Amino acid sequence: MTEPSTQQPRRSPLPPTDTHSGGRSTVPLDSTAQLLTRVTAQLATQLSLVSRNGTRRPMHRTRPSDTPRLPAAPRPSPAEAAPPTLLVVAHGSRDPQALRTVLALLDRVRDLRPGLDVRLGHIELNQPLLPDTLDGLRGADAVLVPLLLGRGHHVKHDLPAAAAAAPSVRTRIAAPLGPHPLLVEALYGRLVEAGWDPADEGGRRAAVVLAAAGSRDPDSAQDTRRTARMLAERLGGVPVVPAYASAATPTVPAALRALVARGRHRTFVASYFTAPGRFASAAASAAPRAAAVPLGAHPAMARLLLHRYDQALSATAPSEMVSLLASA
């Protein structure tokens, strides 16, 4: 028999122990290269928290490289941006009922288009005045919609001058309200409220005087005559005679007398005014019976203001705006 060998078998060398855990851990220590890499990364992170002047940057300004970035909040598209302000331009009156009537009309407009910024500016006599309202819209877009019934001095000169004097507001000027079928609808509704009987339509005794403020501008008179013709058609062929409170003829009393002379004894006065005032009161006092009240906050008036607003927005070229003012 051979004697057993006394040479011990070779054993694989044990990995070095982690001296920081008392020699009990079997986790291998990092190599020198790994330690250097880790220290360099930690130093870079710490240095990124310090600004050049030695102060510590707020932690919320740093982001670990492995943290995914959240997508930026989407910017509103032009279609989602707020629409331009609808700036209603009224003439103004010393009659306290005038302002209340216009404010009621603006409330109807807001009800029809919730979320639309609707504001008021007056040419004279009432607050707020148009320049003040424009001053409160600096940096914004606005469409000036005249609460005026035809092309006259205010539409052709006062509104463009006010817009030019407010260069910080991007403005468009809409066409005046008349002539338009919605305006005729409002006139007809006010006549019915005043006692107009549809049975009179087509009769030989009935007639209507369309009482307007009057203007020296021939375009304004043309617009009033056109509205009178449209109203006559709406009334089934009843004569509608335009008459004026100032600056043009015939006057309301003269027009009434002429109709009576033609056998038209059942005459009505249609008030072609947007709100109560001196001229509207004078025209009503000449009526042989109750005159129709001004157009005011009739629902068709609110729809017409929005129509003119939309029409101005759709006219993108300056030449289109000139066309609107010339032919509306």
Side-chain angles (χ1 to χ4, degrees), residues 88-112 120 122-123 125-126 145-150 176-201 206-215 220 223-224 227-228 230-232 234-235 238-246 251-253 255-256 259 264 266-306 308:
V88 177
V89 183
H91 182 278
S93 172
R94 292 185 177 88
D95 189 324
Q97 287 290 339
L99 179 57
R100 287 193 285 268
T101 300
V102 173
L103 291 175
L105 175 59
L106 266 61
D107 285 340
R108 279 193 179 274
V109 173
R110 296 184 182 102
D111 290 340
L112 288 175
L120 175 63
H122 291 93
I123 296 172
L125 301 176
N126 284 114
V145 182
L147 191 60
L148 303 168
L149 301 174
L177 299 185
H180 195 276
L182 285 171
L183 201 56
V184 174
E185 180 181 336
L187 285 166
Y188 181 83
R190 294 305 191 205
L191 280 171
V192 172
E193 293 171 359
W196 174 264
D197 188 348
D200 289 326
E201 297 176 10
V208 173
V209 171
L210 182 65
S215 170
S220 177
D223 291 343
T224 304
T227 299
M230 295 170 67
L231 181 59
R234 179 68 176 86
L235 294 173
V238 170
V240 177
V241 178
Y244 307 96
S246 69
T251 64
V252 174
L256 288 168
L259 287 171
R264 300 282 177 172
R266 186 170 169 77
T267 55
F268 289 79
V269 172
S271 184
Y272 198 43
F273 303 97
T274 58
R278 178 167 60 92
F279 288 161
S281 298
S285 64
R289 54 179 51 84
V293 299
L295 299 166
H298 191 280
M301 291 287 286
R303 290 159 54 200
L304 182 52
L305 282 170
L306 286 170
R308 291 303 194 203

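Small disclaimer: the values here were computed from a predicted structure and weren't measured.
- Put simply, CG on Leu182 and NE2 on His298 are 10.0 Å apart, with the number rounded to the nearest 0.5 Å.
- Leu149 has its side chain within reach of Leu183: a pair of non-hydrogen atoms, C-beta onward, lies under 4.5 Å apart.
- One N or O on the side chain of Ser246 and one on the backbone of Ala213 form a donor-acceptor pair closer than 3.5 Å.
- In plain terms, the two heavy atoms of Ala243 and Val209 that are nearest each other are CB-CG1, 3.7 Å.
- Residue pairs meeting the salt bridge (charged side-chain N to carboxylate O under 4.0 Å, His left out) criterion with at least one partner in residues 266-280, sequence neighbours excluded, are Asp200-Arg266.
- For Ala212, the side-chain contact (heavy atoms from CB on, under 4.5 Å) partners at least two apart in sequence or on another chain are Thr224, Tyr244, Tyr272.
- The two atoms that bring Ser271 and Ala280 nearest to each other are OG-CB, 4.3 Å, heavy atoms only.
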side-chain contact (heavy atoms from CB on, under 4.5 Å) for Leu235 and Leu191? Distances and angles first, verdict last.
CA-CA 10 Å; Leu235 294 173; Leu191 280 171; 4.3 Å; yes
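- Paired with Leu295 under the rule side-chain contact (heavy atoms from CB on, under 4.5 Å), one option of Leu187, Leu147, Leu304 passes, and it is Leu187.
- Here Arg190 pairs with Glu193 under the salt bridge (charged side-chain N to carboxylate O under 4.0 Å, His left out) rule; sequence neighbours left out.
- Relative orientation of the Phe268 and Trp196 rings is perpendicular, given thresholds of 30° and 60° on the angle between their planes.
- Paired with Leu148 under the rule side-chain contact (heavy atoms from CB on, under 4.5 Å), one option of Ile123, Thr274, Asp223, Leu177 passes, and it is Ile123.
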Please output the side-chain donor-acceptor pairs of residues 89-106 that fall under 3.5 Å, not counting sequence neighbours, one pair per line with the distance.
{"residue": "His91", "atom": "NE2", "partner": "Glu124", "partner atom": "OE2", "Å": "3.1"}
{"residue": "His91", "atom": "NE2", "partner": "His154", "partner atom": "NE2", "Å": "3.4"}
{"residue": "Ser93", "atom": "OG", "partner": "Asp95", "partner atom": "N", "Å": "3.0"}
{"residue": "Asp95", "atom": "OD1", "partner": "Gln97", "partner atom": "N", "Å": "2.8"}
{"residue": "Thr101", "atom": "OG1", "partner": "Gln97", "partner atom": "O", "Å": "2.8"}

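- What you find for Ala283 and Val269 is that their closest heavy atoms are O-CG1, 4.2 Å.
- For the residue pair Arg264 and Ala206, the shortest heavy atom distance occurs at NH1-O, 2.9 Å.
- Of all the heavy atoms in Ala286 and Leu256, the pair that sits closest is O-CD1, 3.0 Å.
- How far CE of Met230 is from NE2 of His180: 7.5 Å, rounded to the nearest 0.5 Å.
- By the salt bridge (charged side-chain N to carboxylate O under 4.0 Å, His left out) test, Asp107 is found to be paired with Arg110, residues two or more places apart in sequence or in another chain being considered.
- In plain terms, the two heavy atoms of Arg108 and Ala297 that are nearest each other are NE-O, 2.5 Å.
- When the salt bridge (charged side-chain N to carboxylate O under 4.0 Å, His left out) test is applied to Arg303, the partners found at least two apart in sequence or on another chain are Glu185.
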